[in-house]
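Whatever order the structure lists them in is the order used to number ligands and atoms, beginning at 1.
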Amino acid sequence: MTALGLYIHIPWCPTRCIYCDFNTYIEANQSLKERYHVALLKEIRETGIATGHPPLNTIFLGGGTPTTLNPNQMLEIIDTVAESFTLHAEAEITTESNPATLSLDYLRAIRRGGINRLSMGVQSFRQEELSLLSRLHDVPTVHHAVEWARQAEFDNLSLDLIFNLPYQTLSQWEYNLQQAINLNPDHLSIYSLILEAGTPMQRQVTQGQLPQPDDDVSADMYEATMTMLAESGFEQYEISNWAKRDIGNASFQPASVRRTEVSTPKLASAHNLIYWRNQSYLGLGAGAFGTYNQVRRANLKRPHDYIKRIETGTGLGMAQDEKTVEAIDRPTAMMEHIMLGLRLTKEGVSATEFETRFEVNLADHYQTAIDYGRSNGLLEWIEAGDDQRLRLTPSGYLLANRVIVQFIE
Ligand code: SF4
């Protein structure tokens with residue numbers, strides 16, 4: 001049985017960061033929050049029944065800021081999932097968090113309630129950058145939050161950072177990264193700033209109030225990141241994700257990648273691996289989407305609309321419009337499998353799994369695209385047991401889009 005993950009969207013944030021285009025709303029109205037919580041619990045129960053209480057490997061509370069929920073609400077969600085699905089004994093249960101929303105008591109309560117992985121949106125260790133991003137927290141708060149997380153016995157802690165911020169120099173980025181390394185996290189998710197259309201930050205850049213991000217600087221920062229993290233004992237397993245170097249025997253690793261040179265580190269995000277391995281996941285909450293039984297479903301985006309639909313609906317897909325339910329055809333599924341799998345810098349895409357799943361030979365079907373990638377030093381075949389896996393070379397990480405576009409038919 002392949003892994004199944006569950007994503008749960010909590011759309012509230014205390015304030016709105018100027019670069020954010022996520023489906024998130026400032027938490028002003030307590031009664032709307034309460035109605036949302038009740039609706040979410042109903043959607044969890046109904047989805048469990050409609051899918052036959054399937055085994056679940058991961059739960060991921062994302063947002064928004066899930067840690068705007070009080071501990072009781074968070075634990076009610078986890079308990080309801082546990083009652084509605086067959087939760088794996090070693091399930092990875094993650095919550096995203098904003099350092100400014102955390103306290104030692106809070107972290108202890110959610111850890112006792114079953115959350116076993118904490119992902120913290122740190123973004124920077126320089127106060128002027130945090131202010132520029134309009135983040136709610138300051139630098140000392142990050143240090144406290146990490147210390148509290150360890151005291152609360154979170155032994156799987158991930159920090160998120162963003163590089164190539166306006167005015168940021170390479171050495172300032174290296175400083176940020178070194179501060180993160182010094183905190184000894186188990187996992188790091190590191191992204192270059194993306195100026196999303198319609199965000200205040202994008203407008204400020206367009207109007208010349210902030211400088212345009214520079215692609216060359218971004219590339220230098222990315223390369224420095226790879227070097228510094230490799231030297232600090234982290235293993236890159238995805239284009240933007242690193243985990244402590246410990247290949248161990250991660251839960252839910254497919255047999256084909258266990259204890260081989262393509263093994264993903266033990267503390268890699270099991271939930272995100274489900275996405276990148278193109279496995280099934282359910283998405284619950286406003287605007288959440290999932291892919292289950294080759295059907296992609298996206299919930300109504302606005303919390304108000306979502307709540308109204310859930311209050312009157314039943315069954316799987318109760319919070320969806322017809323237009324947001326899409327059967328994934330084979331060419332799309334194949335394309336997505338490659339697009340996602342090539343993000344996995346260790347594992348890449350297994351030729352054997354591809355053939356089993358799609359009844360198509362990977363090397364033959366995509367010969368032109370593969371030849372392009374290999375002749376430009378961006379793709380490589382790697383032997384793993386009796387399997388062959390196609391993956392990006394380190395030079396290909398920065399040019400992944402250029403490689404992937406060759407696979408589009
Ligand atoms: S905390 Fe995260 S989700 Fe909330 S506004 Fe900021 S970037 Fe967006």
For F154, is the NZ or CZ atom of R111 found under 6.0 angstrom from the centre of its six-membered ring and inside 45 degrees of the ring axis? yes
Between K346 and E235, is the closest basic N to carboxylate O distance under 4.0 Å? yes
Hey, is E153 close enough to R108 for a salt bridge, meaning N to O under 4.0 Å? no
Inside 2.8 Å of atom 8 (Fe) of ligand 1 but strictly below it, how many protein N/O/S atoms are present? 1
The atoms of ligand 1 lying under 4.0 Å from a heavy atom of R135, numbered in the order shown, are 1 (S), 2 (Fe), 6 (Fe), 7 (S)
Pairs flagged by ring pair (Phe, Tyr, Trp, His ring centres under 6.0 Å) wherever residues 182-234 is involved - sequence neighbours left out: H187-Y237
With a 4.0 Å cut-off on N to O distance, would you call R391 and E347 a salt bridge? no
Numbered atoms and elements of ligand 1 in range of T15, under 4.0 angstrom, heavy atoms: 5 (S)
Does P71 have any side chain to side chain contact (heavy atoms under 4.5 Å, CB included) partners at least two apart in sequence or in another chain, and if so, which? Y106, A109, I110
Applying salt bridge (charged side-chain N to carboxylate O under 4.0 Å, His left out), which residue pairs with at least one partner in residues 16-25 are found, sequence neighbours left out? none
